Amino acid sequence: MSGFFDVTIVGGSAIGGASAAECARRGLSTVILEEDPVVGKFRRCTSICSESGLRSTGIPFSEATLNYINGAVIHSQNEDLTLKLREKKAIVFDRQVFDERSVSRAVSAGAELRLGSRVTSFRANNLSTSEGSIGAKVIVGADGVASSTAAAYQFPVIKRFVYCYEAEISNADVAHKDLVEVFFDNRMLPGFFGWIVPVDEKTARVGFGVDDPSKMMRAKNDFFSRKEVSPYKSGDTVRDFHASIPARPRASTQKGNVILVGDAAGQTKSTTGGGLVFGSLCAKEAGASIAGHLSDGKELDYEKRWRSKYGLTLSLHRNLRRLADRMDDSLIDAALSLNRNPLSLSLLSRFGDMDFLFRF
Ligand SMILES: Cc1cc2nc3c(=O)[nH]c(=O)nc-3n(C[C@H](O)[C@H](O)[C@H](O)COP(=O)(O)OP(=O)(O)OC[C@H]3O[C@@H](n4cnc5c(N)ncnc54)[C@H](O)[C@@H]3O)c2cc1C
């Protein structure tokens, strides 16, 4: 099946769906090309976001919601700090359902979805797929961290990644159903952190990330030996996976009429690795910019738009990550024990929006 469209989106997951919805609802002929026979990331994601962040994506998430979180237990090598927020702040959800809602929202807005359609070659405004060739006025690469679109159009490479492992474990005794547990230990987990995210009383997503793939094996042994994590070894592993997260955006995400959105662009938070909220917000900017260009003859100003709206926040996340990476483990211990006073706890519990760091 061939064709010519205003906009061709490479990748039918959360951000491809969000980009397509923004284009289609503005009346642009839009096609999503997804290589797999079904949409989505097959749950290779922890899938926790702040409720306000999820709302800002515009993607319906109520049917995907699995659990509500209202705080965290933060562990360092030798200390821990429990932080309870006044309200439920974050939602744990089913990523597959979320991705499907994102893409079906685009289809309802008029986008065409082609499954099993892997883009194999990119030449100017023409894409070859297993199903035929597609022409487009604008090409949107929403094809994830290993973006073929970015490689084909020679976008600058992403310079830093976080390498992760996660298992969803059931039949476990989850210590806190409404608190996430996070583990900061720069010796064990250099460049990132570990997590236990509860799905319900018996199920949790347990994982970690490091800054170098050669450190994975040792990190996995050490992390699963921690006293808070080792009980999960006797649960049942429902699924597990290795995956990487871009730790910073590409130096450029627009070349002529080709743009990159989501993980393909590196639009993730360096602090937590979350990419769904900012990817979706940048998809909105993509839709507005493409429509302005194709319908009103304006400059395609996607790169300018998303950087001016979200560049500063993402760079604050990067600076916080750099700071955390440089912290000695004894300093992290000290920081946690110092924060265990009523004033900082109440301040911290107001400081609770995980996506927009400085919004109370
Ligand atoms: C361990 C881990 C935990 C995470 N936890 C969270 C979290 O809790 N919260 C959060 O916000 N983010 C989280 N993230 C990040 C989040 O998963 C990503 O930011 C998000 O998946 C980005 O979505 P995307 O649509 O850009 O890319 P993807 O979801 O990777 O989708 C890319 C799509 O493109 C398709 N594709 C690729 N190449 C082609 C091609 N040539 N032709 C056609 N189709 C193609 C793929 O099949 C796929 O469907 C996590 C990531 C990891 C690794």
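Numbering of ligands and ligand atoms starts at 1, following listing order. The shown structure was predicted, so the numbers you read here are calculated from the model rather than taken from an experiment. Throughout, numbering of the chain's residues begins at 1 and tracks the sequence.
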Quick test of your reading of the model: are [X] and [Y] salt-bridged, counting only N-O distances below 4.0 Å?
X	Y	answer
D329	R187	no
E63	R101	yes
D200	K177	no
E22	K284	no
K309	E285	yes
K41	D94	no

Return yes when G53 approaches ligand 1 closer than 4.0 angstrom through a heavy atom, no otherwise.
-> no

Min heavy-atom dist G207 to ligand 1 below 4.0 Å = no

Take D222 and R226, measure what salt bridge (Lys or Arg N to Asp or Glu O under 4.0 Å) needs, and give me the verdict at the end.
-> CA-CA 7 Å; D222 291 353; R226 272 196 74 124; over 6 Å; no

Got more than 12 heavy atoms from elsewhere within 6.0 Å of [atom1], [X]?
X	atom1	result
D173	CG	no
R160	CZ	yes
Y153	OH	yes

[X] neighbourhood, listing ligand 1 atoms whose heavy-atom distance to it stays under 4.0 Å:
X	value
A14	25 (O)
A243	53 (C)
S148	41 (N)
I245	51 (C), 52 (C), 53 (C)
C164	1 (C)
L33	43 (C), 44 (N)
G262	26 (O)
G40	49 (O)

Regarding [X] and [Y], is there a side-chain donor-to-acceptor distance under 3.5 Å anywhere?
X	Y	answer
N126	S133	no
H317	S270	no
E303	T253	yes

Counting heavy atoms only, name the option from [options] that's nearest to [atom].
atom	options	answer
atom 4 (C) of ligand 1	T57, V39, T46, V38	T46
atom 17 (O) of ligand 1	R118, R95, R43, R44	R95
atom 25 (O) of ligand 1	I15, T129, V197	I15
atom 1 (C) of ligand 1	Y165, F278, F241, Y163	F241
atom 9 (N) of ligand 1	I48, I9, V10	I48
atom 42 (N) of ligand 1	D143, V119, L54	V119

Counting non-hydrogen protein atoms only, what is the nearest one to [atom]? Give residue, atom name and distance.
atom	result
atom 50 (C) of ligand 1	C45 SG, 3.9 Å
atom 27 (O) of ligand 1	G144 CA, 3.6 Å
atom 29 (O) of ligand 1	S13 OG, 2.8 Å
atom 48 (C) of ligand 1	E34 OE1, 3.5 Å
atom 15 (C) of ligand 1	G273 O, 3.5 Å
atom 30 (O) of ligand 1	K41 NZ, 3.4 Å

Counting only heavy atoms, which portion of [X] has something under 4.0 Å from ligand 1: side chain, backbone, both, or neither?
X	result
S117	backbone
D263	both
E35	both
A142	backbone

Are the aromatic rings of F278 and Y310 close, with centres under 6.0 Å apart?
-> yes

Judging by distance only, is a nitrogen or oxygen of [X] under 3.5 angstrom from one on ligand 1?
X	result
E166	no
G275	yes
L276	yes

Shortest non-hydrogen contact from E131 toward G116 | OE2-O, 3.8 Å

Side chain of N67, backbone of P198: donor and acceptor closer than 3.5 Å?
-> yes

Of F184, F183, F193, the residue whose pairing with H75 passes ring-ring contact (aromatic ring centres under 6.0 Å, His included) | F183

